[in-house]
Amino acid sequence: SKLKDSIGKKDTDKTLSTDEVGGGLKEALRVGTDTVVGNLGQEGGFNLDPQIHIPLPGQLDKARSILSRLGMDSMLVELESKLNEAAEIATPKAKQLFMDAINDMTLDDVMTIYKGPDDAATQYFRSKMSAPLAQEMKPVVDDSLDGVGALELYDGVMKQYEKVPFA
């Protein structure tokens, strides 16, 4: 909302033109994207932030429960850490996709974000980028997971889990 307040006024208290509002909003989104990518794309970017930390997929809850009772869940803890490390590696590669979405914004998009709720920019990115982001990032994420050893570790966890009687 501070952005909206500052965009709505000029030094001379005149209303900004639509082009100025659009340019200011796009620049704010570019700066925000740079900041977020910079914070998340570093060591501990995902692992140390409880709001964005990626938990293990729910499909592993049963395995985690059983292995934890047996004191054998250290590999799952490491796997969760590796998933977050892979996300940290992949994040900077998504930056260009966000910049492209910002550059492709129409005047209608800008005004919808400007006049919309606090999460209007997030809604815009979600609607415009979900499918392309998933498609473009899949090979990057796969490479990141492989590069940090998460896939090999997952195989090791499942082998350990399969050895537990009645699991």
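Hydrogens, waters and symmetry mates are skipped; everything else that's a heavy atom, side chains included, is used.
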Would you check if the side chain of Asn84 reaches a backbone N or O of Glu80 as a donor-acceptor pair within less than 3.5 Å?
yes

Exercise: identify the closest heavy-atom pair between Asp49 and Gly45
CB-O, 3.8 Å

Could you give the side-chain donor-acceptor pairs of residues 30-37 under 3.5 Å, partners two or more places apart or in another chain?
from, atom 1, to, atom 2, distance (Å)
Arg30, NH1, Glu27, OE1, 3.4
Arg30, NH2, Asn103, OD1, 2.9
Thr33, OG1, Leu29, O, 2.8
Asp34, OD1, Lys95, NZ, 2.6
Thr35, OG1, Val31, O, 3.0

When clusters are formed by joining ILVMFWY residues with side-chain heavy atoms under 4.5 Å apart, either directly or through shared neighbours, do Leu107 and Tyr114 land in the same one?
yes

Between Asp109 and Thr112, is any side-chain donor less than 3.5 angstrom from a side-chain acceptor?
no

From Glu88 atom CD to Leu83 atom CG, the distance as rounded to the nearest 0.5 Å:
11.0 Å

Summary of ring pair (Phe, Tyr, Trp, His ring centres under 6.0 Å) pairs that have at least one residue in residues 44-82, sequence neighbours excluded
none

Could you pull out all residues at least two apart from Asp73 that satisfy side chain to side chain donor-acceptor pair (under 3.5 Å)?
none

How about Gln96 and Asp100: does a side-chain donor come under 3.5 Å of a side-chain acceptor?
yes

Path from Leu67 to Leu79 over hydrophobic side-chain contacts below 4.5 Å
yes

Using modelled atom types only, decide if a donor and an acceptor are shared between the side chain of Ser65 and the backbone of Asp61 within a distance under 3.5 Å.
no

Will you find, in the side chains of Thr122 and Arg126, an N or O donor that is under 3.5 Å from an N or O acceptor?
no

Which pairs would a plain distance check flag for residues 132-160, meaning a side-chain donor or acceptor within less than 3.5 Å of a matching protein atom at least two apart in sequence or in another chain?
from, atom 1, to, atom 2, distance (Å)
Lys138, NZ, Asp142, OD2, 2.8
Ser144, OG, Val140, O, 2.9

Check ring-ring contact (aromatic ring centres under 6.0 Å, His included) between Phe98 and all other residues, then give those that pass, not counting sequence neighbours.
Phe125

For Val110, side chain to side chain contact (heavy atoms under 4.5 Å, CB included) partners two or more places apart:
Val21, Leu25, Lys26, Met105

Separation between CD1 (Ile113) and CG (Asp108), nearest 0.5 Å, reads 11.0 Å

When rounded to the nearest 0.5 angstrom, what distance separates CD1 in Ile54 from NZ in Lys82?
14.5 Å

Leu70 with Leu76, same ILVMFWY side-chain cluster at under 4.5 Å:
yes

Tell me whether Ser127 contacts the main-chain N or O of Tyr124 through its side chain, where contact means a donor paired with an acceptor under 3.5 Å.
yes

